[in-house]
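This report refers to the structure that appears directly beneath it.
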Amino acid sequence: MTGKEILHKIKRREQTMTSKEILHKMKEKVGLGSSAESGKGKSKMSKNISHGYHLVKGKAGHPMEDYVVAQFKQVDDNELGLFAIFDGHLSHEIPNYLKSHLFETILNEPDFWKEPENAVRRAYQITDTTILERAVDLGKGGSTAVTAILINCQKLVVANVGDSRAVICKKGIAKQLSVDHEPSTEKDSILGRGGFVSNFPGDVPRVDGQLAVARAFGDKSLKMHLSSEPHVVVEIIDDDTDCIILASDGLWKVMTNQEAADAIKHIKDARSAAKHLTEEALARKSTDDISCVVVRFQ
């Protein structure tokens, strides 16, 4: 091969790579990005606290509907760890909106620092109202959510609607902090709002025969029969705390809380731990979108 031919081949390869990069950017813009995404970070207040996350698109034909928040944020002299999983259904616009706006709404509540639990409850309701008002822009469908706010490395405020879940592990023992809002367990309240819960053979219970969770953001067509009231709990971080795991139901459908805790107990790197959990869920034949955040206390 002559020098000119080699140079021509290199230029063609560069042009091909550029085209692929452009295509990738276009896919990301419409929510069709790469099948996996990872990231990690560390607390500046405590060198012993770090986080990592990993997302994998499921086998469904629609764009990725899971979104993650995982970051440490300085607010004056305070540090906040902001962690969340937003799992959309029939929508990637609504979980993406939650990713961009929910924590901002929470932190803008005037009594956040004094009464964070109440601030979170109000912010969930305000956000859901906004999503319903913007249904023309954000489209149909909705999203579950689980959020965890770590205040100055000491106080953890967890809230959720739906079946995305938060688990804390202390001395190797897993403890669920969130509540899975299932139609079967909230049937009375759904009936009280005028809805019904289907229970067809071979299928999970569904609100009005459609939605497999009893609480969610959005879902305007079902909202009269759904709740967006979050379950909120506060947990104190102490020396016994090993880690926190947040994940969408793509993980929890195939793993118990304790199995997840056991699977990563020897993995010190938080991102590696999150990736390992998603890989384990795939190995157990989970077909849903899978997203996972691990906050490690060492």
Side-chain angles (χ1 to χ4, degrees), residues 36-43 46-56 58 66 68-72 81-87 144-151 153-182 185 231-298:
E37 178 187 345
S38 288
K40 64 179 181 179
K42 289 185 177 181
S43 165
S46 172
K47 64 180 182 180
N48 295 323
I49 302 176
S50 62
H51 72 76
Y53 66 88
H54 192 78
L55 297 81
V56 177
D66 279 13
V68 162
V69 174
Q71 64 172 321
F72 287 102
L82 305 176
F83 310 104
I85 302 288
F86 303 117
D87 181 1
T144 69
V146 59
T147 58
I149 303 176
L150 181 61
I151 303 174
C153 303
Q154 298 173 336
K155 184 177 183 179
L156 183 70
V157 183
V158 171
N160 83 292
V161 290
D163 54 6
S164 292
R165 190 183 299 175
V167 172
I168 192 168
C169 184
K170 293 190 175 187
K171 287 190 172 181
I173 304 301
K175 171 186 171 184
Q176 186 169 325
L177 299 178
S178 56
V179 169
D180 295 344
H181 295 129
E182 299 175 348
T185 58
H231 173 267
V232 184
V233 67
V234 174
E235 185 82 14
I236 301 301
I237 301 301
D238 54 29
D239 292 340
D240 293 335
T241 306
D242 304 319
C243 68
I244 304 163
I245 304 169
L246 274 66
S248 60
D249 67 328
L251 178 79
W252 303 117
K253 283 177 181 176
V254 295
M255 297 184 75
T256 67
N257 299 337
Q258 192 60 52
E259 284 174 337
D262 291 344
I264 62 170
K265 63 183 178 181
H266 297 306
I267 303 176
K268 292 184 178 181
D269 179 74
R271 179 166 60 178
S272 297
K275 184 178 181 182
H276 180 72
L277 285 174
T278 60
E279 290 173 345
E280 180 62 26
L282 289 172
R284 297 184 183 208
K285 309 301 183 185
S286 178
T287 59
D288 201 354
D289 295 340
I290 306 167
S291 52
C292 181
V293 177
V294 174
V295 184
R296 175 67 77 186
F297 301 84
Q298 296 177 357

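- Ala263 approaches His276 most closely through the heavy-atom pair O-CD2, 3.4 Å.
- Here the OG-CG distance, from Ser50 to Asp269, works out to 7.0 Å after rounding to the nearest 0.5 Å.
- For Gln154, the side chain to side chain donor-acceptor pair (under 3.5 Å) test picks out no residue, with sequence neighbours left out.
- Between the side chains of Ser291 and Asp66, a donor-acceptor pair is found at a separation under 3.5 Å.
- Shown here are the salt bridge (charged side-chain N to carboxylate O under 4.0 Å, His left out) partners of Glu280, two or more places apart in sequence or in another chain: Arg284.
- For the atom pair CG of Leu277 and CG of Leu282, the computed distance is 11.0 Å after rounding to the nearest 0.5 Å.
- Here the CG atom belonging to Asp239 is positioned 9.5 Å from the CG atom belonging to Asn48, to the nearest 0.5 angstrom.
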* To do: Kindly determine whether Cys292 and Ile245 satisfy side-chain contact (heavy atoms from CB on, under 4.5 Å), including the steps that lead there.
  => CA-CA 7 Å; Cys292 181; Ile245 304 169; 4.1 Å; yes
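- Shown here for Ala145 and Phe86, the closest heavy-atom pair between the two residues is CB-CD2, 3.5 Å.
- Two residues are said to be in side-chain contact when any heavy atoms from C-beta on lie closer than 4.5 Å; Val157 and Val232 meet this criterion.
- One finds the CG atom of Asp240 at 4.5 Å from the NZ atom of Lys171 (value rounded to the nearest 0.5 Å).
- Taking the six-membered ring where the residue is Trp, Phe83 and His51 present perpendicular rings, their angle passing 60° and hence far from 30°.
- When all heavy atoms of Ala273 and Arg296 are compared, the closest pair comes out as CB-NH2, 4.4 Å.
- In this structure, OG in Ser46 is found 10.0 Å from CD in Gln298, a value given to the nearest 0.5 Å.
- Within the 4.5 Å cutoff, the side chain of Glu235 has no heavy atoms near those of the Ile244 side chain.
- Taking the side chain as every heavy atom from C-beta outward, Val295 and Ile49 approach each other to under 4.5 Å.
- Listed for the Asp87 side chain is no donor-acceptor partner under 3.5 Å among the backbone atoms of Thr144.
- In this structure, Val294 and Ile267 have side chains that are not in contact, with every pair of non-hydrogen atoms separated by 4.5 Å or more.
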* Check the pair Leu246, Val158 against side-chain contact (heavy atoms from CB on, under 4.5 Å), reporting the backbone distance first and the verdict last. => CA-CA 10 Å; Leu246 274 66; Val158 171; over 6 Å; no
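- A donor-acceptor pair is defined here as one N or O able to donate and one able to accept, closer than 3.5 Å; no such pair exists between the side chain of Asp180 and the backbone of Glu182.
- Minimum heavy-atom separation, Ile236 to Lys170: O-NZ, 2.9 Å.
- Side chain of Thr147 to main chain of Ala84: no donor-acceptor pair is present (N/O by atom type, distance under 3.5 Å, no hydrogens or angles).
- In this structure the side chain of Ile85 reaches within 4.5 angstrom of the side chain of Val68, judged on heavy atoms.
- Heavy atoms only, all atoms of each residue included: Ala281 and Ile290 are closest at CB-CD1, 3.8 Å.
- Taking every heavy atom of both residues into account, Trp252 and Ala247 meet most closely at NE1-O, 3.0 Å.
- Between Lys285 and Thr287, the closest side-chain pair of non-hydrogen atoms is not below 4.5 Å.
- Remark: Leu251 CG to Asp288 CG distance equals 10.5 Å, nearest 0.5 Å.
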* Test side-chain contact (heavy atoms from CB on, under 4.5 Å) applied to Val234 and Lys155, step by step -> CA-CA 7 Å; Val234 174; Lys155 184 177 183 179; 3.6 Å; yes
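- Ion pairing between Lys253 and Asp163 fails under the 4.0 Å rule for side-chain N and carboxylate O.
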